[in-house]
Amino acid sequence: MLQFNQRHIAVGGNRYPAAADWQDGLFVFGSGKNVALWEPAATAGVKSLLRGHTDTVSAVKIISRHRRPPVIVSGSADKTVRLWALREDRFVEVFQSQHDGAVNTIAVLPEGDTFVTGAADATMKIWKLDEASSDSSVSISASLIQTIPLKPRFLPLATAVAALDDGSVVLVVAGTMTSIQMYHGNGSNFKLAATLTGHEGWIRSLDFVRESTTEGSDVLLASASQDKYIRLWRLHRGQQLPTASTASQDPSLGALGRSLSNKPHFIGEDESLHSVTFEALLIGHEDWIYTAQWKRAHGSDAGPELLTTSADNSVSIWRREVDSGFWICQTRLGEISSQKGSTTATGSAGGFWIGLWSPSGDKIASLGRTGSWRLWVFSSSSTSWEQQIGISGHIKEVKSLAWSADGSYLLTTGSDQTTRLLAPWRKEAEETWHEIARPQIHGYDLNCVDSLGTTQFISGADEKLLRVFNKPRSTAVLLGNLSGDQDSAFEDLPEIADIPVLGLSNKAMTADENEEKEGTTKSTPEAQQDSASKQASIETNHPPFEDLLSRYTLWPEHEKLYGHGYEISTVAASDDGKLVATACRASSIDHAVIRLYETKNWREIKPTLSSHSLTVTSLAFSPSNDRLLSVGRDRQWTVFERKSPDSITFEIQSNNPKGHSRMILDCTWAPLESSDVFATAGRDKSVKIWAKEDSTSGYNCKLTIPMSAAVTAVAFAKKSIGQGEVLLVSGSEEGEVLVARVNLSNWTVSRQTSLEVGQRPASAITSLRWRPQAADGQKDMLAVASEDHSVRLYDIVDETA
């Protein structure tokens, strides 16, 4: 039996302030249509993806119950609320319900079984977690307690819930208006009790905290808004108001302090009576504030700390000074860009959308605009926050994959306009995969990529031209130090690259030139050499952090290839790296041509190859480099062959205008030992394997492998596995990945297996690539790309071998 052993999952986080939570060592976040599970204490990246939602996950919370395993609550733009419970070391979906609009926010009552969901249908729903035990298992579901229509009608973007001393519960909700609605109830019958005003923009985040661990202490509420301010509110039990707040006396407020209103609001009755007063205005952020989260007090004397994230590229920690009572920004993490208003391509991270405390309060995780999670750990020895290894990945559809010729790294590219490089980090007996470089940050959606040896790659985008990039020394040094893969052509490589402001072309430059660009000067030759060395090698003892990835790991552009009239659809390089074939989107025979380029001088080989009438969807050179296979939306495949062994011009050798009954989406050649064999994947839910009867005949269909949905990707393994057998993998529109052991002698499938449903990508498979085996005995590794934003690596093991 063939078996999938997961090695790595690379995904980025969804940019929704409510789409992540961290409780009891479990970190969950929304990634595309999936809910991702990450263990920040480990360096292996995302542990698993929970598949179920049919649209973007926009809100995630953990119901952390100390007496039972945790339950995950997720909400999505598909209007559903889902519960995930632990079953045999794996989270599975156990409950689903629906709003009439996209779910935007979820709040959980700490250490309780009540949770609240808010959606674009302008309603809040109060739920109670239900648990029923039987002899064999525990079933978990949820029952709807109350539905609250929001009046005046607005879209809830943030909500929070807290239990008061008398056992009653307070619920706050805010969103696309400038006020906060506060509801009070006994856990089931909530009524509007107060409306808190003061903000001047949409409110994006709300969070409650007890002021101290002392019994009967006040409750604080933090509200973060797009007006760039954080407001703190105090809930105090009883008729008597708390000691007057010093907020309006804070000298940093200036004239603004005199205009602050501290009108008290009262909620509840009798024993439940609480006053709600304005406590403080926190000023310091320069752009929209997305999240605010309290760090729970761990001692009676330790006041709470507030973590905020903003579009101004900062993660801030606020604390009240003991002497003055004023709230100050104690620590600021993140980036200070020298180019204000710059884009991701020119050095800015684009702001932070989520900030989370670890349950112990000694770690902070934040999500940036690029979809990457950064992790900071507090060092008691240096009394400062030190950045640790986070995780990164694409934040839109992944379109294409390409291994380097020696299999030392994997290139991925997609609709988030980036090309990323994944490689192993080998330390002692452990090997983990990480994003080591981000060679291309573009202004167009990227559609295809292929490697040229170990030091170049070519990519095509929606801009009608292709770009060729050279590996810089900085990446070569990094790969050598982390994975042990040394590049023999190191001395010929450029040092580093930079992308100019308002430009799309990465320029090769030396480390000294980069120092001048950054506006820094070094006084001594030793200092200059040290700076150059740092720029060239970045960090050599661990994978680079996100701020370095997005700025210092670009690859310099070597060449541009022109000629196509529409968006590039596919590109393929020959195994010897001497030829490149490309095609673009087309609706007529005039544009459905294949262009060939020789890589020595990067000149186009004329004439163009014409056979198709619609878009060519995939190209593949044979392992012997003497044939080129093309497939297209017009349902046909064509094999082009060199006119002579020494020629670089090709002509049609064979074609089939009706290779499939519907469009053909991908193609692949069998290994060199069986180079007269190729496979095609069609929307007619089948994979067909074609072969020649003899040297003079054409290609005939020898085997058809059916699948349950349209087949979008197919790939033969790079090497045969003996006795005329080879591994063939195919991927479908529904996320199915099927690996088959095919006998090319008698055209049968000896065994096959597919990823189980719960482990499959949530959207169509876009690319499948087998890793070139650098050493004998190395396991077959498969890279899988999907429209669900994920790149997954698997070891394929034949247990019967």
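At distances below 3.5 Å, at least one donor-acceptor pair connects side-chain atoms of S574 with backbone N or O atoms of L579. Counting only distance, with no hydrogens or angles, the side chain of Y566 and the backbone of A592 share no donor-acceptor pair below 3.5 Å. Panel note: side chain D666, backbone V714; a donor-acceptor pair is recorded below 3.5 Å. One N or O on the side chain of S76 and one on the backbone of T56 form a donor-acceptor pair closer than 3.5 Å. At distances below 3.5 Å, at least one donor-acceptor pair connects side-chain atoms of R635 with backbone N or O atoms of S661. Formation of a donor-acceptor pair under 3.5 Å by the N447 side chain with backbone atoms of I568 is found in this model. At distances below 3.5 Å, not a single donor-acceptor pair connects side-chain atoms of S754 with backbone N or O atoms of E736. Judged by distance alone, with hydrogens and angles left aside, the side-chain atoms of S686 form no donor-acceptor pair with the main-chain N or O of T704 at under 3.5 Å. Judged by distance alone, with hydrogens and angles left aside, the side-chain atoms of D795 form no donor-acceptor pair with the main-chain N or O of N5 at under 3.5 Å.
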Check against salt bridge (Lys or Arg N to Asp or Glu O under 4.0 Å), K719 and D780 = CA-CA 9 Å; K719 290 184 179 180; D780 290 302; over 6 Å; no

**OP:** Give the intermediate values and the outcome of salt bridge (Lys or Arg N to Asp or Glu O under 4.0 Å) for residues R683 and E733.
**Re:** CA-CA 9 Å; R683 193 170 284 281; E733 198 170 46; 2.7 Å; yes

Under the criterion salt bridge (Lys or Arg N to Asp or Glu O under 4.0 Å), I'd like the reasoning laid out for R369 against D416: C-alpha separation, chi angles, the key distance, then a yes or no. CA-CA 11 Å; R369 191 177 182 87; D416 64 355; over 6 Å; no

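The aromatic rings of F469 and F457 lie parallel to each other, with less than 30° between the two planes, well short of the 60° mark. The aromatic rings of H434 and H8 are tilted relative to each other, their planes meeting at an angle between 30° and 60°.
Inspection of the S647 and T649 side chains reveals an N or O donor paired with an N or O acceptor under 3.5 Å.
The closest side-chain heavy-atom distance from L609 to T638 is not below 4.5 Å. Residues E397 and T766 fail the side-chain proximity criterion, which asks for heavy atoms closer than 4.5 Å.
D590 approaches V593 most closely through the heavy-atom pair O-CG1, 3.7 Å.
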